[in-house]
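Here the structure is a predicted model, which is why all the values come from computation and not from measurement. Start at 1 with the first residue, then count along the sequence.
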Amino acid sequence: MEPQKFSIAVDSDHKATEFRPLSLSSPHMRAFHLAWLSLFTCFFSTFSIPPLLPIIRQDLHLSPSDVGTAGIAAFAGSIISRLAMGPACDVFGPRLASATLSLATAPILLSATFISTPLHFILLRFFVGFSLANFVANQFWMSSMFSRCTVGLANGVAAGWANVGSGLSQLVMPFIFSVLNTYFDLTQSVSWRTALVVPAVFQAMMAIMVLAYGQELPDGSYRNIKKREKNSKDDTIDSKDDAIGVFLNGIKNYRGWVLGLTYGYCFGVELTMDNIIAEYFYDRFGVNLETAGVIAASFGFANWVSRPTGGIVSDKLGKRFGMRGRLWGLWVVQTVAGVMCLWLGEVKSLWGSIAVMCGFSFFVQAASGLTFGVVPFVSKRSMGVISGMTGSGGTVGAVVTQLLLFSGSTKFSTQTGISLMGVMMITSTLSLTTIYFPQWGGMLCGPSSEHQHCQLLA
């Protein structure tokens, strides 16, 4: 028997079968901490701008339409980069793909020093949004390190803790702005631009740590392992043809498209709320900038427990009911989130809105965790592509929702838009009934063959 190489229990593929979030053991738990912290900085950077919008829109003379377009632009950039990140992970590995993107997008925030027009602001948000593609690398990395019995939990915690970055930015950025403006006696225009240096430096530092200390697979470098696997085969396949084959295999799998749609109306809704929530409370209830930031931060902070809870629920349901349990759990949780979103738009009091928002945030974020409890089972060969399709669906949903309901040129009030967003969530989640795995079944019917053990679809 092969000697024990790891300080954590592993399966035959050396993927971890247990999850120890307080451990730094290499390579599994070190990869976990590097992955979530790296994505955390990307969320912090992308959403460092919305809590400062009341100041920025005054400084740059932004119209409501400009603000809405900028929000759409942030998500549009993420769609492009997420689609590219999936194949990049399949070919180069999550560590290199993640660090490269972070290092490329961090300096863009520093360009805020030079922007002076609405167009410049829209372009800033567009390019900064590219960094959110690190979500795909995050989930790919966890699926490469953790066995199927714990992958839902690992994916949920890694993404959930990372998403807290969007909440922390809502809380911290107004504070940094106030310190620069009050104690350093900088003008408001200079203060908000200078404040953006903090997330840029944070993101770049974390990318360097990923390169220095990360390991993509339990047994070593992603590229070396893949090269070894390729050399062990009798037939030699050109790497370009292999990459194309991986991509085509992924996009032909209809389950990836369905999960992309449903993810568009859980994570996509979460992104939309991160974009509008501080400004919504500031405008509708007349709270000050710091208070609006604290309220908005509570929405993002829920990710610390809500998305991991979704992963745990997915794994528990998977162990007891198989794939059918995972799918039903996702449908129930996301439908409840849709109902609470609809309710949020109807509440007219400040404290009532805060209470409903907290409940809504828990369920919508848990639904995201449940989604990525299903994703790793869709395709082993094209896992990165499926992750990219699902992740891109999240940002496509955010773009569509922002464009239809919160673009600044629509006839809907923000509160009406929030209620309509809930209706869209409930409707889109019904598509989960079409997902079927021959060996595991689907929501409405059982497996078509007598498989007694789980195998990933090719």
Side-chain angles (χ1 to χ4, degrees), residues 43 46-58 62-78 121-122 125-126 128-129 132 163 165-171 173-174 264-289 291-303 337-338 340-348 350 353-354 356-358 360-361 364-365 394-425:
F43 274 105
T46 301
F47 293 103
S48 61
I49 295 173
L52 300 179
L53 271 175
I55 306 300
I56 296 173
R57 68 188 183 189
Q58 182 180 9
L62 303 177
S63 67
S65 180
D66 293 330
V67 173
T69 302
I72 294 168
F75 301 143
S78 179
F121 179 69
I122 292 168
R125 296 221 63 191
F126 175 75
V128 170
L132 290 182
N163 269 287
S166 63
L168 187 65
S169 65
Q170 304 275 5
L171 184 66
M173 294 307 294
Y265 285 94
C266 57
F267 183 67
V269 167
E270 182 186 346
L271 287 178
T272 302
M273 290 298 290
D274 284 333
N275 228 14
I276 68 170
I277 194 67
E279 193 175 15
Y280 171 66
F281 277 95
Y282 180 88
D283 290 336
R284 186 177 187 194
F285 297 106
V287 299
N288 60 35
L289 186 66
T291 302
V294 170
I295 295 170
S298 66
F299 183 87
F301 280 147
N303 268 294
M340 297 200 76
C341 184
L342 192 159
W343 186 16
L344 177 61
E346 300 300 318
V347 180
K348 295 180 172 58
L350 172 62
S353 293
I354 293 173
V356 175
M357 181 199 72
C358 290
F360 165 56
S361 68
V364 74
Q365 292 157 9
T395 45
V396 169
V399 167
V400 172
T401 304
Q402 186 98 17
L403 186 63
L404 292 178
L405 304 177
F406 307 107
S407 64
S409 58
T410 62
K411 61 182 179 180
F412 304 118
S413 64
T414 302
Q415 52 266 37
T416 300
I418 290 173
S419 291
L420 291 174
M421 187 164 61
V423 175
M424 295 166 75
M425 291 177 67

Quiz item: Does the side chain to side chain contact (heavy atoms under 4.5 Å, CB included) test come out yes or no for Thr414 and Asp283, once each step is laid out?
Solution: CA-CA 10 Å; Thr414 302; Asp283 290 336; over 6 Å; no
Quiz item: Going through the checks in order, is the side chain to side chain contact (heavy atoms under 4.5 Å, CB included) test met by Met357 and Ser298?
Solution: CA-CA 9 Å; Met357 181 199 72; Ser298 66; 3.1 Å; yes
Self-check item: Minimum heavy-atom distance between Met425 and Cys341, given as atom pair plus value
Solution: SD-CB, 4.1 Å
Practice problem: Give, for atom CZ of Phe299 and atom SG of Cys358, the distance between the pair rounded to the nearest 0.5 Å. | Solution: 9.5 Å
Exercise. Enter the distance from Leu342:CG to Leu420:CG here, rounded to the nearest 0.5 Å.
Key: 8.0 Å
Quiz item: About how many Å separate CG of Leu344 and CE of Met273, when rounded to the nearest 0.5 Å?
Solution: 5.0 Å
Practice problem: Answer yes or no: is there a donor N or O on one side and an acceptor on the other, between the side chain of Thr46 and the main chain of Phe43, under 3.5 Å? | Solution: no
Quiz item: Taking all non-hydrogen atoms of both residues, which atom of Gly345 and which atom of Ile418 are closest, and how far apart?
Solution: N-CG2, 3.8 Å
Quiz prompt | Closest approach of Pro51 to Pro54 (non-hydrogen atoms, all atoms of both residues) | solution = O-CD, 3.8 Å
Quiz item: Can you tell me how far the CG atom of Leu289 sits from the CZ atom of Phe281, to the nearest 0.5 Å?
Solution: 14.5 Å
Quiz item: Would a distance-only check, ignoring hydrogens and angles, find a side-chain to backbone donor-acceptor pair under 3.5 Å from Gln170 to Asp274?
Solution: yes
Exercise. Measure across Ile277 and Ala296 and return the closest heavy-atom pair with its distance rounded to 0.1 Å.
Key: CG2-CB, 3.2 Å
Quiz item: Looking at CG of Asn163 and CG of Leu168, how far apart are the two atoms once the value is rounded to the nearest 0.5 Å?
Solution: 12.5 Å
Quiz item: When the ring planes of Phe47 and Phe75 are compared, do they come out parallel, tilted or perpendicular, using 30° and 60° as the limits?
Solution: tilted
Quiz item: Which heavy atom of Ala337 sits nearest a heavy atom of Val364, and at what distance?
Solution: CB-N, 3.6 Å
Self-check item: Side-chain donor-acceptor contact under 3.5 Å, Ser63 with Asp66
Solution: yes
Quiz item: Is it true that a side-chain atom of Thr401 and a backbone atom of Ala398 form a donor plus acceptor pair closer than 3.5 Å?
Solution: no
Quiz item: What is the ring orientation for Tyr280 with Phe285, classed by angle as parallel under 30°, tilted 30 to 60°, or perpendicular over 60°?
Solution: perpendicular
Quiz prompt | Atom of Ala278, atom of Ala292 and distance for their closest heavy-atom approach | solution = O-CB, 3.5 Å
Quiz prompt | Reported OG1-to-CZ distance for the pair Thr69 and Phe121, which is rounded to 0.5 angstrom | solution = 10.5 Å
Self-check item: side-chain contact (heavy atoms from CB on, under 4.5 Å) partners for Leu404, two or more places apart
Solution: Val400, Met424
Quiz prompt | Test item: Gln402 side-chain N/O and Ile72 main-chain N/O as donor-acceptor pair under 3.5 Å | solution = no
Quiz item: Looking only at side chains, do Thr291 and Asn288 share a donor and an acceptor under 3.5 Å apart?
Solution: yes
Quiz item: Less than 4.5 Å apart, any side-chain heavy atom of Leu350 and any of Ile295?
Solution: yes
Practice problem: Apply side chain to side chain contact (heavy atoms under 4.5 Å, CB included) to Phe301 and Leu171, showing your working. | Solution: CA-CA 10 Å; Phe301 280 147; Leu171 184 66; 3.9 Å; yes
